[in-house]
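Index from 1, following the sequence.
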Amino acid sequence: TKSDDEHSVRSTTSTGANVREEYNLLSAASEDIVKIVSERAEDPSHVPFPVTKEDLSELANDRTRLALAKVLERALTQVDSERKSGEDGDAEAPDEIVRAQTHISNLVARMKANADREPFPDHSPEQQHADADAEVAAAALTSLVLRSSPETGLDPDPANLQSRIETFGTNAIADKKLDSF
């Protein structure tokens with residue numbers, strides 16, 4: 001019907017606008033995180049990441065929205081405990097990081113609720129919103145949790161790269177031993 005088509009178009013348009021708005025929020029928070037990490041640490045390349053290689057391995061094996069939500073939730077728990085042990089923020093004027101954490105917490109809650117209702121019909125507004133949430137969650141994982149820029153990628157500083165290799169391992173597949181004849 002015409003009203004269903006109009007609703008679908010509005011949903012798609014609002015989803016696109018929401019994704020752009022959420023990316024902008026995460027981008028601002030990502031810049032703040034990099035700045036704060038640099039200011040607080042003598043050597044920013046050795047500031048621990050809020051996820052482990054095991055968390056990322058689990059996500060890579062599962063490849064589901066729920067697994068992505070769980071990794072983000074673990075990262076938020078870690079970041080929140082580190083933040084509480086640091087300086088207190090202004091509750092009336094939260095900084096970009098606090099706003100991003102709140103936003104990601106809400107995003108995780110939505111993704112977990114949607115996991116119970118999946119699978120959604122193809123091309124439905126629910127499917128489009130779930131896809132948009134997954135895109136924003138992936139951006140949050142790379143930008144905020146892994147401190148990587150969506151525009152420029154990893155910081156090419158050798159100390160930063162070495163720290164990442166020590167934390168997450170190399171990005172390579174191990175060679176297989178060939179059977180001899």
Side-chain angles (χ1 to χ4, degrees), residues 1-37 49-81 83 89 91 93-155 164 168 171 173:
T1 66
K2 184 177 178 182
S3 64
D4 288 342
D5 290 341
E6 288 172 358
H7 176 71
S8 178
V9 169
R10 276 197 306 268
S11 295
T12 304
T13 304
S14 66
T15 301
N18 290 343
V19 168
R20 280 190 300 280
E21 181 181 321
E22 291 170 346
Y23 273 132
N24 290 339
L25 173 70
L26 293 174
S27 178
S30 177
E31 291 170 13
D32 282 351
I33 286 176
V34 170
K35 181 177 152 191
I36 287 170
V37 166
F49 289 92
V51 294
T52 64
K53 64 182 173 185
E54 290 79 15
D55 294 332
L56 297 178
S57 178
E58 182 180 317
L59 174 60
N61 289 334
D62 287 353
R63 294 183 175 263
T64 64
R65 290 185 185 106
L66 183 59
L68 178 57
K70 287 179 181 179
V71 169
L72 282 176
E73 187 172 47
R74 280 186 223 125
L76 279 176
T77 302
Q78 182 67 28
V79 168
D80 194 41
S81 67
R83 194 166 173 80
D95 62 14
E96 293 292 329
I97 296 171
V98 173
R99 289 188 5 208
Q101 283 178 305
T102 302
H103 175 73
I104 293 169
S105 181
N106 293 337
L107 175 67
V108 166
R110 270 196 323 265
M111 291 176 74
K112 289 172 87 175
N114 282 339
D116 294 336
R117 298 183 4 226
E118 288 181 337
F120 297 117
D122 288 344
H123 310 294
S124 69
E126 294 86 2
Q127 179 69 41
Q128 292 171 354
H129 286 281
D131 290 345
D133 283 347
E135 284 183 43
V136 172
L141 179 67
T142 56
S143 298
L144 299 173
V145 177
L146 298 175
R147 296 181 221 125
S148 174
S149 168
E151 290 84 27
T152 60
L154 296 176
D155 176 6
R164 288 174 183 275
F168 301 116
N171 188 13
I173 298 172

side-chain contact (heavy atoms from CB on, under 4.5 Å) involving Leu154 - partner list, sequence neighbours excluded: Ser148, Leu161, Arg164
Residues forming a side-chain hydrogen bond (donor to acceptor under 3.5 Å, both in side chains) with Ser105, sequence neighbours excluded: none
Chi angles and distances behind the side-chain contact (heavy atoms from CB on, under 4.5 Å) call for Leu68, Met111: CA-CA 9 Å; Leu68 178 57; Met111 291 176 74; 4.1 Å; yes
Spacing of Thr102 atom OG1 and Leu107 atom CG [to the nearest 0.5 Å]: 12.5 Å
Test item: Leu59 and Leu141 side chains (from C-beta on) under 4.5 Å apart, heavy atoms: yes
Close side-chain approach of Phe168 to Leu56, heavy-atom, < 4.5 Å: yes
Interatomic distance, Glu126 atom CD to Asn114 atom CG [nearest 0.5 angstrom]: 8.5 Å
Heavy-atom side-chain contact between His103 and Val136 under 4.5 Å: yes
Pro50 to Val145 - nearest heavy-atom pair and separation: CD-O, 3.5 Å
Contacts of Lys112 that satisfy salt bridge (charged side-chain N to carboxylate O under 4.0 Å, His left out) - sequence neighbours left out: Glu73
Rounded distance [0.5 Å steps], CD in Gln128 versus NE2 in His123: 9.0 Å
Contact check, side chains of Val51 and Leu146, non-hydrogen atoms, under 4.5 Å: yes
Where Glu118 and Ala130 come nearest, the two heavy atoms and their spacing: OE2-CB, 4.3 Å
Residue list, side-chain hydrogen bond (donor to acceptor under 3.5 Å, both in side chains) with Asp55, at least two apart or on another chain: Thr52, Arg74
Non-neighbouring partners of Arg63 that pass side-chain hydrogen bond (donor to acceptor under 3.5 Å, both in side chains), sequence neighbours left out: none
Non-neighbouring partners of Asp131 that pass side-chain hydrogen bond (donor to acceptor under 3.5 Å, both in side chains), sequence neighbours left out: Arg65, Gln127
